[in-house]
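Notes for the one structure printed next.
This one's a predicted model, so the numbers in the text were calculated from it and none came from an experiment.
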Amino acid sequence: MASGGGVEEVSNKQVILKDYVSGFPKESDMYLNTSGTIKLKVPEGSNAILVKNLYLSCDPYMRPRMRQPIPGNETYVEPFKPGSPIAGYGVAKVLDSGHPNFKKGDLVWGLTGWEEYSLITTTERLFKIHHTDVPLSYYTGLLGMPGMTAYAGFYEICSPKKGEQVFISAASGAVGQLVGQFAKLLGCYVVGSAGSKEKVDLLKNKFGFNEAFNYKEEPDLHAALKRYFPEGIDIYFENVGGKMLDAVLLNMRAHGRIAVCGMISQYNLEHPEGVHNLMTVIGKRVRIEGFMVYEYYPLYPKFLELVLPHIKEGKIIYVEDVAEGLESAPAALIGLFTGRNVGKQVVVVARE
(Lines give C-alpha, C1' and ligand atoms only; values in the text may rest on other atoms or scores of the structure.)
Protein backbone atom coordinates (compact mmCIF):
# COMPACT_ATOMS: atom_id res chain seq x y z
CA MET A 1 0.00 0.00 0.00
CA ALA A 2 1.24 3.51 -0.74
CA SER A 3 1.14 6.39 1.71
CA GLY A 4 1.35 10.17 1.41
CA GLY A 5 4.39 11.70 -0.25
CA GLY A 6 4.69 8.83 -2.70
CA VAL A 7 6.77 6.72 -0.28
CA GLU A 8 5.69 3.11 -0.34
CA GLU A 9 4.69 1.65 3.02
CA VAL A 10 4.59 -2.13 3.34
CA SER A 11 3.72 -4.62 6.03
CA ASN A 12 6.71 -5.82 8.06
CA LYS A 13 6.48 -9.12 9.95
CA GLN A 14 8.71 -9.21 13.06
CA VAL A 15 9.81 -11.73 15.68
CA ILE A 16 9.31 -10.01 19.05
CA LEU A 17 10.78 -11.01 22.42
CA LYS A 18 7.84 -11.19 24.83
CA ASP A 19 9.77 -10.80 28.09
CA TYR A 20 13.14 -11.59 29.65
CA VAL A 21 13.81 -15.32 29.81
CA SER A 22 15.09 -17.32 32.76
CA GLY A 23 15.91 -21.01 32.52
CA PHE A 24 15.38 -22.83 29.24
CA PRO A 25 13.94 -20.61 26.47
CA LYS A 26 10.65 -21.61 24.82
CA GLU A 27 9.06 -20.71 21.51
CA SER A 28 6.35 -18.89 23.46
CA ASP A 29 8.98 -16.44 24.76
CA MET A 30 8.80 -14.93 21.27
CA TYR A 31 5.89 -14.15 18.98
CA LEU A 32 5.36 -13.15 15.36
CA ASN A 33 3.92 -9.66 14.99
CA THR A 34 2.15 -9.34 11.63
CA SER A 35 0.58 -5.91 12.08
CA GLY A 36 3.68 -3.69 11.73
CA THR A 37 4.46 -1.55 8.69
CA ILE A 38 7.58 0.23 7.43
CA LYS A 39 8.27 2.99 4.89
CA LEU A 40 10.64 1.84 2.16
CA LYS A 41 12.69 5.04 2.39
CA VAL A 42 15.49 6.18 4.66
CA PRO A 43 14.44 9.23 6.73
CA GLU A 44 15.60 12.55 5.20
CA GLY A 45 19.14 13.48 6.30
CA SER A 46 19.85 10.13 8.00
CA ASN A 47 22.91 8.04 7.12
CA ALA A 48 21.02 4.80 7.87
CA ILE A 49 20.30 2.11 5.31
CA LEU A 50 17.03 0.33 4.66
CA VAL A 51 17.34 -3.37 3.85
CA LYS A 52 15.22 -6.33 2.88
CA ASN A 53 16.37 -9.28 5.01
CA LEU A 54 17.08 -12.50 3.09
CA TYR A 55 18.75 -14.90 5.55
CA LEU A 56 18.96 -14.78 9.35
CA SER A 57 21.47 -16.56 11.53
CA CYS A 58 20.58 -18.48 14.72
CA ASP A 59 23.54 -18.34 17.10
CA PRO A 60 24.04 -19.52 20.69
CA TYR A 61 25.23 -16.08 21.91
CA MET A 62 21.67 -14.84 21.37
CA ARG A 63 20.53 -16.73 24.48
CA PRO A 64 22.40 -14.51 26.99
CA ARG A 65 20.82 -11.51 25.25
CA MET A 66 17.36 -12.71 26.37
CA ARG A 67 18.32 -12.45 30.02
CA GLN A 68 17.35 -9.63 32.36
CA PRO A 69 20.49 -7.52 32.87
CA ILE A 70 21.94 -7.72 36.38
CA PRO A 71 23.58 -4.45 37.46
CA GLY A 72 27.33 -4.93 37.78
CA ASN A 73 27.17 -8.20 35.85
CA GLU A 74 27.01 -6.87 32.30
CA THR A 75 27.26 -9.47 29.55
CA TYR A 76 29.47 -8.87 26.52
CA VAL A 77 26.45 -8.24 24.29
CA GLU A 78 23.65 -5.88 25.19
CA PRO A 79 20.35 -7.54 26.04
CA PHE A 80 17.33 -7.54 23.75
CA LYS A 81 14.44 -5.28 24.73
CA PRO A 82 11.16 -7.05 25.54
CA GLY A 83 8.44 -5.87 23.15
CA SER A 84 11.02 -5.20 20.40
CA PRO A 85 12.25 -7.35 17.52
CA ILE A 86 15.11 -9.73 18.18
CA ALA A 87 18.34 -8.82 16.39
CA GLY A 88 21.14 -10.95 15.01
CA TYR A 89 23.42 -11.55 12.07
CA GLY A 90 21.87 -11.79 8.65
CA VAL A 91 22.23 -11.29 4.92
CA ALA A 92 20.22 -8.48 3.36
CA LYS A 93 19.72 -6.42 0.23
CA VAL A 94 19.91 -2.62 0.36
CA LEU A 95 16.68 -0.95 -0.83
CA ASP A 96 17.56 2.64 0.10
CA SER A 97 20.63 4.27 1.61
CA GLY A 98 21.59 7.54 3.22
CA HIS A 99 25.13 6.20 3.74
CA PRO A 100 27.96 6.99 1.29
CA ASN A 101 29.39 3.43 1.52
CA PHE A 102 26.17 1.62 0.59
CA LYS A 103 23.91 1.97 -2.40
CA LYS A 104 20.62 0.51 -3.54
CA GLY A 105 21.08 -3.07 -4.76
CA ASP A 106 24.14 -3.82 -2.58
CA LEU A 107 24.16 -7.13 -0.74
CA VAL A 108 25.43 -6.96 2.85
CA TRP A 109 25.96 -9.16 5.90
CA GLY A 110 26.04 -8.04 9.51
CA LEU A 111 23.70 -7.18 12.37
CA THR A 112 20.06 -6.73 11.39
CA GLY A 113 16.57 -7.26 12.84
CA TRP A 114 14.47 -10.42 12.89
CA GLU A 115 11.93 -8.90 10.52
CA GLU A 116 11.24 -8.64 6.81
CA TYR A 117 12.69 -5.14 6.46
CA SER A 118 15.12 -3.30 8.74
CA LEU A 119 16.28 0.28 9.06
CA ILE A 120 19.92 -0.12 10.11
CA THR A 121 21.36 2.95 11.82
CA THR A 122 24.67 1.47 13.03
CA THR A 123 26.49 0.41 9.89
CA GLU A 124 30.03 -0.03 11.35
CA ARG A 125 29.73 -3.81 11.44
CA LEU A 126 28.10 -4.27 8.06
CA PHE A 127 30.15 -5.93 5.33
CA LYS A 128 29.47 -5.59 1.63
CA ILE A 129 29.21 -8.93 -0.18
CA HIS A 130 31.48 -8.97 -3.23
CA HIS A 131 31.61 -12.70 -3.96
CA THR A 132 28.22 -14.01 -5.09
CA ASP A 133 29.49 -17.20 -6.76
CA VAL A 134 28.93 -19.01 -3.42
CA PRO A 135 25.53 -19.48 -1.73
CA LEU A 136 24.42 -16.17 -0.15
CA SER A 137 23.38 -18.02 3.01
CA TYR A 138 27.09 -18.79 3.59
CA TYR A 139 27.43 -15.18 4.80
CA THR A 140 25.43 -16.12 7.91
CA GLY A 141 27.97 -18.88 8.60
CA LEU A 142 31.07 -19.98 6.75
CA LEU A 143 31.77 -16.52 5.25
CA GLY A 144 30.24 -14.50 8.09
CA MET A 145 30.57 -14.18 11.85
CA PRO A 146 30.95 -17.94 12.61
CA GLY A 147 33.62 -18.29 9.90
CA MET A 148 35.56 -15.36 11.31
CA THR A 149 35.15 -16.85 14.82
CA ALA A 150 36.68 -20.15 13.69
CA TYR A 151 39.50 -18.35 11.91
CA ALA A 152 40.37 -15.94 14.74
CA GLY A 153 40.08 -18.54 17.49
CA PHE A 154 42.10 -21.19 15.71
CA TYR A 155 44.81 -19.26 13.88
CA GLU A 156 45.18 -16.11 15.96
CA ILE A 157 44.64 -17.47 19.49
CA CYS A 158 45.75 -21.11 19.29
CA SER A 159 48.84 -20.54 17.07
CA PRO A 160 48.51 -24.08 15.68
CA LYS A 161 51.39 -26.14 14.31
CA LYS A 162 51.34 -29.11 11.96
CA GLY A 163 50.89 -32.43 13.72
CA GLU A 164 49.31 -31.03 16.87
CA GLN A 165 46.45 -32.77 18.69
CA VAL A 166 43.23 -30.75 18.39
CA PHE A 167 39.94 -31.29 20.21
CA ILE A 168 36.71 -29.41 19.37
CA SER A 169 33.44 -29.57 21.33
CA ALA A 170 30.08 -28.86 19.62
CA ALA A 171 32.13 -29.83 16.58
CA SER A 172 29.34 -30.08 13.99
CA GLY A 173 28.01 -26.59 14.74
CA ALA A 174 28.49 -23.39 12.76
CA VAL A 175 31.99 -22.75 14.13
CA GLY A 176 33.23 -26.21 15.10
CA GLN A 177 32.84 -27.79 11.65
CA LEU A 178 35.17 -25.12 10.26
CA VAL A 179 37.79 -25.25 13.01
CA GLY A 180 38.10 -28.98 12.37
CA GLN A 181 38.61 -28.48 8.65
CA PHE A 182 41.17 -25.71 9.21
CA ALA A 183 43.04 -28.03 11.57
CA LYS A 184 42.97 -30.90 9.06
CA LEU A 185 44.23 -28.64 6.26
CA LEU A 186 47.15 -27.77 8.54
CA GLY A 187 47.98 -31.44 9.14
CA CYS A 188 46.72 -31.77 12.72
CA TYR A 189 45.10 -34.78 14.38
CA VAL A 190 41.49 -33.73 14.98
CA VAL A 191 38.78 -35.15 17.24
CA GLY A 192 35.32 -33.64 17.77
CA SER A 193 32.45 -34.25 20.17
CA ALA A 194 28.78 -33.86 19.25
CA GLY A 195 25.40 -34.95 20.62
CA SER A 196 24.06 -37.54 18.16
CA LYS A 197 25.15 -40.45 15.98
CA GLU A 198 24.18 -38.45 12.88
CA LYS A 199 26.49 -35.59 13.88
CA VAL A 200 29.36 -37.95 14.75
CA ASP A 201 29.03 -39.58 11.30
CA LEU A 202 29.05 -36.13 9.71
CA LEU A 203 32.28 -35.20 11.52
CA LYS A 204 34.09 -38.33 10.41
CA ASN A 205 32.66 -38.88 6.93
CA LYS A 206 31.96 -35.38 5.65
CA PHE A 207 34.33 -33.04 7.49
CA GLY A 208 37.26 -35.46 7.63
CA PHE A 209 37.85 -35.45 11.40
CA ASN A 210 40.17 -38.29 12.46
CA GLU A 211 37.77 -39.33 15.21
CA ALA A 212 34.53 -38.15 16.81
CA PHE A 213 32.35 -39.25 19.70
CA ASN A 214 28.86 -38.70 21.08
CA TYR A 215 29.36 -37.08 24.50
CA LYS A 216 25.89 -38.24 25.61
CA GLU A 217 27.05 -41.86 25.37
CA GLU A 218 30.20 -41.34 27.44
CA PRO A 219 29.68 -41.99 31.16
CA ASP A 220 33.20 -40.64 31.83
CA LEU A 221 34.39 -37.75 29.63
CA HIS A 222 37.90 -37.87 31.11
CA ALA A 223 38.24 -41.54 30.07
CA ALA A 224 36.82 -40.78 26.61
CA LEU A 225 39.39 -38.04 26.00
CA LYS A 226 42.19 -40.28 27.29
CA ARG A 227 41.07 -42.88 24.73
CA TYR A 228 41.23 -40.46 21.79
CA PHE A 229 44.24 -38.48 23.03
CA PRO A 230 46.56 -40.96 24.77
CA GLU A 231 49.33 -38.35 24.58
CA GLY A 232 47.12 -35.40 25.52
CA ILE A 233 45.57 -32.37 23.80
CA ASP A 234 47.56 -29.43 22.40
CA ILE A 235 44.60 -27.29 21.35
CA TYR A 236 41.05 -27.26 22.67
CA PHE A 237 38.47 -25.12 20.89
CA GLU A 238 35.90 -24.52 23.63
CA ASN A 239 32.23 -24.17 22.73
CA VAL A 240 30.62 -25.98 25.64
CA GLY A 241 32.12 -25.35 29.10
CA GLY A 242 31.03 -27.19 32.24
CA LYS A 243 31.91 -30.88 32.60
CA MET A 244 33.58 -31.02 29.19
CA LEU A 245 36.03 -28.25 30.10
CA ASP A 246 36.79 -30.00 33.39
CA ALA A 247 37.63 -33.25 31.60
CA VAL A 248 39.73 -31.46 28.98
CA LEU A 249 41.85 -29.73 31.63
CA LEU A 250 42.99 -33.15 32.90
CA ASN A 251 44.01 -34.14 29.36
CA MET A 252 45.90 -31.04 28.19
CA ARG A 253 49.56 -31.29 27.22
CA ALA A 254 52.26 -28.96 28.46
CA HIS A 255 51.94 -25.51 26.83
CA GLY A 256 48.47 -26.35 25.50
CA ARG A 257 46.11 -23.61 24.34
CA ILE A 258 42.38 -23.29 24.93
CA ALA A 259 40.42 -20.75 22.86
CA VAL A 260 37.16 -19.99 24.67
CA CYS A 261 34.54 -19.28 22.03
CA GLY A 262 31.38 -20.09 23.99
CA MET A 263 29.94 -22.22 26.80
CA ILE A 264 26.55 -23.37 25.55
CA SER A 265 26.11 -25.86 28.42
CA GLN A 266 25.88 -22.92 30.84
CA TYR A 267 23.56 -20.50 29.02
CA ASN A 268 20.28 -21.81 30.41
CA LEU A 269 21.45 -22.43 33.99
CA GLU A 270 20.44 -20.06 36.76
CA HIS A 271 23.67 -20.95 38.60
CA PRO A 272 26.67 -21.77 36.38
CA GLU A 273 28.54 -25.01 37.13
CA GLY A 274 31.95 -24.77 38.75
CA VAL A 275 35.20 -25.88 37.10
CA HIS A 276 37.23 -28.08 39.46
CA ASN A 277 40.43 -28.92 37.58
CA LEU A 278 41.85 -25.44 37.06
CA MET A 279 44.97 -26.30 39.06
CA THR A 280 46.20 -28.29 36.04
CA VAL A 281 46.77 -25.07 34.08
CA ILE A 282 49.71 -24.30 36.37
CA GLY A 283 51.61 -27.57 36.10
CA LYS A 284 50.90 -27.87 32.40
CA ARG A 285 51.42 -24.14 31.64
CA VAL A 286 48.13 -24.04 29.74
CA ARG A 287 46.96 -20.77 28.20
CA ILE A 288 43.20 -20.16 28.26
CA GLU A 289 42.01 -17.15 26.28
CA GLY A 290 38.52 -15.90 25.63
CA PHE A 291 37.86 -13.73 22.58
CA MET A 292 35.22 -11.64 20.87
CA VAL A 293 35.04 -12.07 17.11
CA TYR A 294 34.36 -8.40 16.32
CA GLU A 295 37.87 -7.46 17.50
CA TYR A 296 39.18 -9.55 14.60
CA TYR A 297 36.91 -8.14 11.87
CA PRO A 298 39.80 -6.07 10.43
CA LEU A 299 41.24 -9.46 9.33
CA TYR A 300 38.14 -10.27 7.24
CA PRO A 301 39.85 -9.66 3.84
CA LYS A 302 42.74 -11.95 4.89
CA PHE A 303 40.21 -14.59 5.98
CA LEU A 304 38.41 -14.47 2.60
CA GLU A 305 41.73 -14.87 0.77
CA LEU A 306 42.38 -18.06 2.71
CA VAL A 307 38.91 -19.57 2.62
CA LEU A 308 37.38 -18.74 -0.79
CA PRO A 309 39.87 -20.82 -2.81
CA HIS A 310 39.35 -23.77 -0.43
CA ILE A 311 35.57 -23.58 -0.93
CA LYS A 312 35.92 -23.45 -4.71
CA GLU A 313 38.32 -26.43 -4.70
CA GLY A 314 35.93 -28.40 -2.46
CA LYS A 315 38.52 -28.57 0.34
CA ILE A 316 36.14 -26.90 2.78
CA ILE A 317 32.57 -28.15 3.05
CA TYR A 318 29.80 -26.43 4.98
CA VAL A 319 26.58 -28.00 6.23
CA GLU A 320 23.53 -25.83 6.86
CA ASP A 321 20.23 -26.59 8.56
CA VAL A 322 17.70 -24.37 6.77
CA ALA A 323 14.37 -23.28 8.25
CA GLU A 324 11.90 -21.69 5.82
CA GLY A 325 10.11 -18.44 6.67
CA LEU A 326 10.32 -15.87 9.47
CA GLU A 327 7.56 -17.71 11.36
CA SER A 328 9.93 -20.71 11.76
CA ALA A 329 12.65 -18.56 13.37
CA PRO A 330 11.69 -18.95 17.08
CA ALA A 331 11.65 -22.76 16.85
CA ALA A 332 14.95 -22.73 14.93
CA LEU A 333 16.62 -20.61 17.61
CA ILE A 334 15.32 -22.75 20.51
CA GLY A 335 16.49 -25.86 18.63
CA LEU A 336 20.12 -24.81 19.09
CA PHE A 337 19.86 -25.57 22.80
CA THR A 338 18.43 -29.06 22.36
CA GLY A 339 20.88 -29.91 19.57
CA ARG A 340 18.05 -30.22 17.05
CA ASN A 341 19.99 -28.53 14.26
CA VAL A 342 22.52 -30.41 12.14
CA GLY A 343 25.14 -27.90 11.05
CA LYS A 344 24.70 -24.14 10.82
CA GLN A 345 21.13 -23.01 11.61
CA VAL A 346 19.83 -20.54 9.01
CA VAL A 347 16.38 -19.01 8.57
CA VAL A 348 15.27 -18.02 5.06
CA VAL A 349 13.17 -14.85 5.15
CA ALA A 350 13.24 -14.27 1.38
CA ARG A 351 15.45 -15.64 -1.39
CA GLU A 352 15.50 -12.45 -3.47
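Using a cut-off of 4.0 Å between Lys/Arg side-chain N and Asp/Glu carboxylate O, Asp96 and Lys52 are scored as not salt-bridged. Taking the charged nitrogens against the carboxylate oxygens, Glu218 and Arg227 do have a contact shorter than 4.0 Å, which makes a salt bridge.
Side chains of Lys103 and Val94 form no contact here, defined as non-hydrogen atoms less than 4.5 Å apart. For the pair Ile334 and Asp29, the minimum side-chain heavy-atom distance is 4.5 Å or more. Leu308 has its side chain within reach of Leu143: a pair of non-hydrogen atoms, C-beta onward, lies under 4.5 Å apart. A heavy-atom distance below 4.5 Å is found between the side chains of Leu306 and Tyr155. For the pair Tyr318 and Pro146, the minimum side-chain heavy-atom distance is below 4.5 Å. Put simply, the side chain of Met252 does not reach to within 4.5 Å of the side chain of Thr280, judged on heavy atoms. Between Tyr138 and Glu320, the closest side-chain pair of non-hydrogen atoms falls below 4.5 Å. At a threshold of 4.5 Å between non-hydrogen side-chain atoms, the residues Ile288 and Leu278 count as touching.
Within the model, atoms CG of Asn33 and CH2 of Trp114 stand 15.5 Å from one another, a figure rounded to the nearest 0.5 Å. Taking NZ of Lys284 as the reference point, atom NE2 of His255 lies at 12.5 Å (rounded to 0.5 Å). For the atom pair CG of Leu178 and CD1 of Ile168, the computed distance is 9.5 Å after rounding to the nearest 0.5 Å. Residue Asp234 holds its CG atom at 12.0 Å from OG of Ser159, rounded to the nearest 0.5 Å. For the atom pair CE (Met292) and SG (Cys261), the distance works out to 9.0 Å, reported to the nearest 0.5 Å. Atom CE of Met148 and atom OH of Tyr297 lie 7.5 Å apart (nearest 0.5 Å).
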Expected list for residues 119-131: side-chain donor-acceptor pairs under 3.5 angstrom, two or more places apart:
from, atom 1, to, atom 2, distance (Å)
Thr123, OG1, His99, NE2, 3.3
Lys128, NZ, Asn101, O, 2.9

For residues 193-200, which side-chain N or O atoms pair as donor and acceptor with protein atoms under 3.5 Å away, sequence neighbours left out?
from, atom 1, to, atom 2, distance (Å)
Ser196, OG, Lys199, N, 3.1
Lys197, NZ, Asp201, OD2, 2.8
Lys199, NZ, Gly339, O, 2.8
Lys199, NZ, Asn341, O, 3.0

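Linking ILVMFWY side-chain heavy atoms closer than 4.5 Å, directly or via other members, places Tyr139 and Val293 in a single hydrophobic cluster. Residues Ile235 and Val240 fall within the same hydrophobic cluster, defined by Ile, Leu, Val, Met, Phe, Trp and Tyr side chains chained together at heavy-atom separations under 4.5 Å. Leu333 and Tyr89 fall within a single hydrophobic cluster, where Ile, Leu, Val, Met, Phe, Trp and Tyr are joined by side-chain heavy atoms under 4.5 Å apart, directly or via other members. In the hydrophobic clustering of this structure, Met66 groups with Val15; members are Ile, Leu, Val, Met, Phe, Trp, Tyr whose side-chain heavy atoms approach within less than 4.5 Å, directly or through other members. The same ILVMFWY cluster, assembled from side-chain heavy atoms under 4.5 Å apart, contains both Phe80 and Phe24.
The closest donor-acceptor contact from the side chain of Arg351 to the backbone of Leu54 lies at 3.5 Å or more, if one exists at all. A donor-acceptor distance shorter than 3.5 angstrom exists from the side chain of Ser97 to the backbone of Phe102, with no hydrogens or angles considered. In this structure, Asn214 contributes its side chain and Lys216 its backbone to a donor-acceptor pair below 3.5 Å. Between the side chain of Asn210 and the main chain of Val190, a donor-acceptor pair closer than 3.5 Å is present. A donor-acceptor pair under 3.5 Å is absent between the side-chain atoms of Gln177 and the main chain of Gly180, judged by distance alone. Between the side chain of Asn12 and the main chain of Glu115, no donor-acceptor pair closer than 3.5 Å is present.
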- Might you work through the salt bridge (charged side-chain N to carboxylate O under 4.0 Å, His left out) test for Lys312 and Asp133, ending with a clear yes or no? CA-CA 9 Å; Lys312 285 167 189 167; Asp133 50 349; 3.1 Å; yes

- Under the side chain to side chain contact (heavy atoms under 4.5 Å, CB included) rule, what do Glu8 and Lys39 come out as? Steps first, then yes or no, please. CA-CA 6 Å; Glu8 194 187 356; Lys39 289 194 167 87; over 6 Å; no

- Apply side chain to side chain contact (heavy atoms under 4.5 Å, CB included) to Ser137 and Val91, showing your working. CA-CA 7 Å; Ser137 57; Val91 173; over 6 Å; no

- Applying side chain to side chain contact (heavy atoms under 4.5 Å, CB included), run through Ser118 and Asn53 and close with a yes or a no. CA-CA 7 Å; Ser118 294; Asn53 292 311; 3.0 Å; yes

- Message: One pair to check against side chain to side chain contact (heavy atoms under 4.5 Å, CB included): Leu225 and Val191. What are the steps and the verdict?
- Response: CA-CA 9 Å; Leu225 291 170; Val191 179; over 6 Å; no

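Within a 6.0 Å sphere centred on CD of Glu231, heavy atoms belonging to other residues, nucleotides or ligands number 12 at most. Within 6.0 Å of the NZ atom in Lys18, the count of heavy atoms belonging to other residues, nucleotides or ligands exceeds 12.
When the side-chain hydrogen bond (donor to acceptor under 3.5 Å, both in side chains) test is applied to Lys243, the partners found at least two apart in sequence or on another chain are Glu273.
Ring geometry, Phe291 versus Phe237: the interplanar angle exceeds 60°, so the pair is classed perpendicular (tilted spans 30 to 60°). Using cut-offs of 30° and 60° for the angle between ring planes, the Phe213 and Phe167 rings count as parallel. Classification of the Phe154-Phe182 ring pair by plane angle, with boundaries at 30° and 60°, yields parallel.
Nearest heavy-atom pair across Met263 and Leu245 is CE-CD2, 4.0 Å. Taking every heavy atom of both residues into account, Ala259 and Ile157 meet most closely at CB-CG2, 3.8 Å. The two residues Glu327 and Lys13 come nearest to each other via the heavy atoms OE1-NZ, 3.8 Å. In plain terms, the two heavy atoms of Met30 and Ile86 that are nearest each other are SD-CD1, 3.4 Å. Between Ala212 and Tyr228 the shortest heavy-atom distance is O-OH, 3.8 Å. Between Met244 and Ser169, the closest heavy-atom pair is CG-CB, 4.3 Å.
Partner of Asn277 under the side-chain contact (heavy atoms from CB on, under 4.5 Å) criterion, out of Asp246, Val248, Asn251: Asp246 alone. When each of Ile317, Val319, Ile316 is paired with Leu142, the side-chain contact (heavy atoms from CB on, under 4.5 Å) condition holds for Ile316 and for no other.
Applying the salt bridge (charged side-chain N to carboxylate O under 4.0 Å, His left out) rule to pairs touching residues 291-307 yields Glu156-Lys302, sequence neighbours excluded. For residues 163-188, the salt bridge (charged side-chain N to carboxylate O under 4.0 Å, His left out) pairs, not counting sequence neighbours, are Lys161-Glu164, Glu164-Arg257. Within the structure, the ring pair (Phe, Tyr, Trp, His ring centres under 6.0 Å) test picks out the following pairs touching residues 186-209 (sequence neighbours left out): Tyr189-Phe229.
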